[in-house]
Amino acid sequence: MAGTAKRQLAAGRAKSQRGTEESPLVKWLLIGLALLFCLVFLLLPLVNVFAQAFSKGWATYLDALQHPDSWAAIKLTLLVATISVPLNVLFGLAAAWCIAKFEFRGKSLLITLIDLPFSVSPVVAGLMFVVLFGAQGFLGPWLLEHNIKIIFAVPGIVLVTIFITFPFVARELIPVMQAAGTDQEQAALTLGANGWQTFWHVTLPSVKWGLIYGVILCNARAMGEYGAVSVVSGHVIGMTNTMPLHVEQLYQNANTAGAFAVASLLAMLALVTLAIKTFLEWKQHREFELAQQATRAESGDTLFLTRQKSE
Amino acid sequence: MSIELKKVSKKFGEVIAVNNVSFSVKEGELMALLGPSGGGKTTVLRMIAGLEVPTGGDILIRGQRVNDVSVQQRNIGFVFQSYALFKSMNVFKNIAFGLKIKKWKKTDIQARVLELLNLFGLEGLEKRFPHQLSGGQRQRVAIARALAPKPSVLLLDEPFGAVDAKIRHELREWLVTLHQDLNVTTIFVTHDQEEAMEVSNRIVIFSKGNLEQIGTPREVYEDPANEFVARFVGVMNVLETEVSGGVARIGELQFATPGQADGARLRIGFRPYAVQISTNANLFPYRAVLRHTFFLGIMLRLELELPSGLILRSRITKEEYAQLGLEDGREVSFGIRNFRILASDTTRLAPEQVVPHQAPPTIAENI
């Protein structure tokens with residue numbers, strides 16, 4: 001089948017002078033423009049980050065990363081991601097499950113609510129939490145009474161990160177779960193499985209690619225979030241500074257090499273995320289193609305009629 | 001009695017999907033639930049399985065009331081229309097799933113799955129995933145998976161709906177043989193009357209949530225309980241007639257209906273095989289022109305056009321067609337051997353009436 005596709009492609013190329021096609025000049029001009037855009041706006045800044053980070057050599061680069069403040073920022077970022085990603089996997093799974101598998105009143109409202117963190121500006125999201133948990137906020141006095149510190153402390157950072165990254169897992173899972181339907185789950189029930197066994201053996205494996213994809217995106221955002229975290233963190237160096245905040249601070253203090261060193265770590269994270277994402281998409285595409293082939297094989301299906309009688 | 005439904009109803013909101021349905025299935029029987037889509041047959045099947053809860057009435061499996069028994073505890077095997085194979089498991093794991101859940105010993109699971117693979121002609125496919133199987137193979141895996149934990153009842157929802165016509169015929173024969181071998185009580189849902197007739201021991205016919213008739217394929221075909229069944233099962237000529245002087249008339253056709261009031265409008269129905277044909281113009285009372293001949297294999301369906309413009313369908317064998325020397329456009333004489341008055345309500349139909357004083361039937365009765 002791949003052969004046919006190639007032939008069709010070749011045929012298309014041979015007919016490139018059809019009336020509906022652009023002239024070669026326009027075609028190459030447009031392609032050139034797109035490439036130029038990618039180069040200037042995507043590739044150049046990325047390369048520059050690494051160039052700047054290493055501008056004063058390896059030693060300076062490692063020094064910058066090993067500085068206690070940088071190290072604290074890295075650790076805090078990892079901590080925030082470690083808490084918020086698993087929680088959002090849980091919330092996302094629960095939300096997607098209930099939206100995809102059940103019919104109830106207010107379902108569309110719930111879907112809209114899940115999207116809320118996407119549509120709200122991160123700074124506003126941060127402010128919402130300050131207004132709720134801050135000293136002058138709605139729950140502020142009560143928290144103060146019980147000596148619980150949320151704003152300008154790690155709990156606040158974790159909370160806003162959870163808020164900001166909430167939609168990623170759910171958004172990835174809802175369409176996958178809806179497409180899978182409830183047939184497989186019902187089949188598991190008729191075979192004697194209870195709810196948990198059904199979820200573990202049937203539902204989870206059938207959405208694994210969507211889930212992994214959602215986790216990757218969720219993690220990237222959890223580590224990279226600036227706006228919301230900036231509002232609630234208070235920028236206490238070595239205490240409540242995450243990597244993005246630290247990068248900003250180093251840059252403001254004219255420590256360019258240090259800023260770009262930490263920035264390069266974040267950029268690395270983005271690249272790894274992209275690589276994994278591309279790999280997953282390729283893998284999913286392959287599975288889809290295999291399924292397609294199997295469907296095509298059906299037309300040539302013949303049934304055994306020479307079955308032996310069971311003794 | 002393997003399964004018994006007593007006045008079972010199911011409402012979805014305001015919609016009555018199943019209305020006060022009672023029937024029973026004998027141990028080891030192969031039963032078809034037949035009806036047009038939306039007739040309630042799938043809902044009945046899902047209620048027997050425990051996937052839907054009835055809003056009224058009782059369901060009994062082997063004498064035990066199961067209304068409050070969960071799906072998991074009912075010990076039924078269910079085959080979904082879409083097969084619903086576990087996409088992330090290979091064939092072996094699919095079939096073994098129910099056994100694993102029921103905590104069978106590993107060696108027992110191995111033996112049971114191999115036995116089923118063998119029985120279903122799936123040897124060598126145990127490592128394949130569902131997307132690597134053909135439609136027919138998928139269906140066999142689905143049935144093997146449902147049968148693996150040795151259920152007391154096998155339920156199949158439109159088992160032949162998703163495969164193409166050629167394989168469908170082979171699968172029908174296969175299901176009959178399988179049922180003979182295993183002798184497990186089996187109920188399947190279908191909208192295809194031919195399929196129900198061919199495969200099942202008995203048929204339950206549904207329409208709009210009501211049970212219309214229950215009987216053997218022969219019974220429902222030859223002795224339909226009401227007009228719906230008469231028209232749904234098999235082909236039927238249906239004519240709107242008006243009674244005058246104890247005779248129902250339409251165009252040149254006349255049917256003796258003694259006791260019917262003058263002016264009454266009656267629907268008259270008769271099967272194609274009840275229409276007898278001859279090229280001898282004097283043998284039968286009516287004249288017609290043979291408009292079209294449809295070849296259905298051994299049987300042929302003929303479309304007759306009467307001088308009044310009425311169109312009737314007849315059915316004869318290939319041999320008879322050749323003997324009579326028929327061809328399209330040929331003028332023939334015909335008679336109607338027997339007919340029935342179709343009631344418009346769902347009351348029981350009167351027995352079929354034999355038309356007297358006609359030449360003896362020359363056409364074999366064929367379904």
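Chain identifiers are assigned alphabetically (A, B, ...) following the order of the sequence lines, protein sequences preceding nucleic acid strands; residue numbering begins at 1 within each chain. What you see is a predicted model, and the numbers here were worked out from it, not measured in a lab.
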Go through the steps for B:V71 and A:T190 under the test side-chain contact (heavy atoms from CB on, under 4.5 Å), then give the verdict.
CA-CA 6 Å; B:V71 198; A:T190 64; 3.9 Å; yes
Contact leader toward chain B among A:S206, A:A187, A:P205, where contacts are heavy-atom pairs under 4.5 Å:
A:A187
Between A:G192, A:A180, A:G181, which residue shows the highest count of heavy-atom pairs closer than 4.5 Å to chain B?
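Winner by heavy-atom pair count: A:G192.
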Distance (rounded to the nearest 0.5 Å) between A:T198 OG1 and B:F97 CZ
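These two atoms lie 6.0 Å from each other.
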Taking atom OG1 of A:T203 and atom CZ of B:F86, what is their separation to the nearest 0.5 Å?
9.5 Å
Has A:Q184 got a side-chain atom pairing as donor or acceptor with B:K87's backbone, closer than 3.5 angstrom?
yes
With only heavy atoms counted, which part of [X] is less than 4.5 Å from chain A, the side chain, the backbone, both or neither?
X	result
B:L99	neither
B:K93	neither
B:R145	both
B:I76	both

To check you understand the geometry: which heavy-atom pair defines the closest contact between B:M89 and A:H201, and what is its length?
CE-O, 3.4 Å
Under the ring pair (Phe, Tyr, Trp, His ring centres under 6.0 Å) rule, collect the residues that match up with B:F78, sequence neighbours excluded.
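Partners of B:F78 by the ring pair (Phe, Tyr, Trp, His ring centres under 6.0 Å) criterion, ordered by chain and then number, come out as B:F80.
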A:L42 CG: over 12 foreign heavy atoms closer than 6.0 Å:
yes
Over 12 foreign heavy atoms within 6.0 Å of NZ, B:K11
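Not buried by this count: 12 neighbours or fewer within 6.0 Å.
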Listed partners of B:K102 passing side chain to side chain contact (heavy atoms under 4.5 Å, CB included), at least two apart:
B:W104, B:P149
Please identify, among B:G98, B:A142, B:A84, the residue contributing the most non-hydrogen atom pairs under 4.5 Å to chain A.
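Heavy-atom pair counts peak at B:A84.
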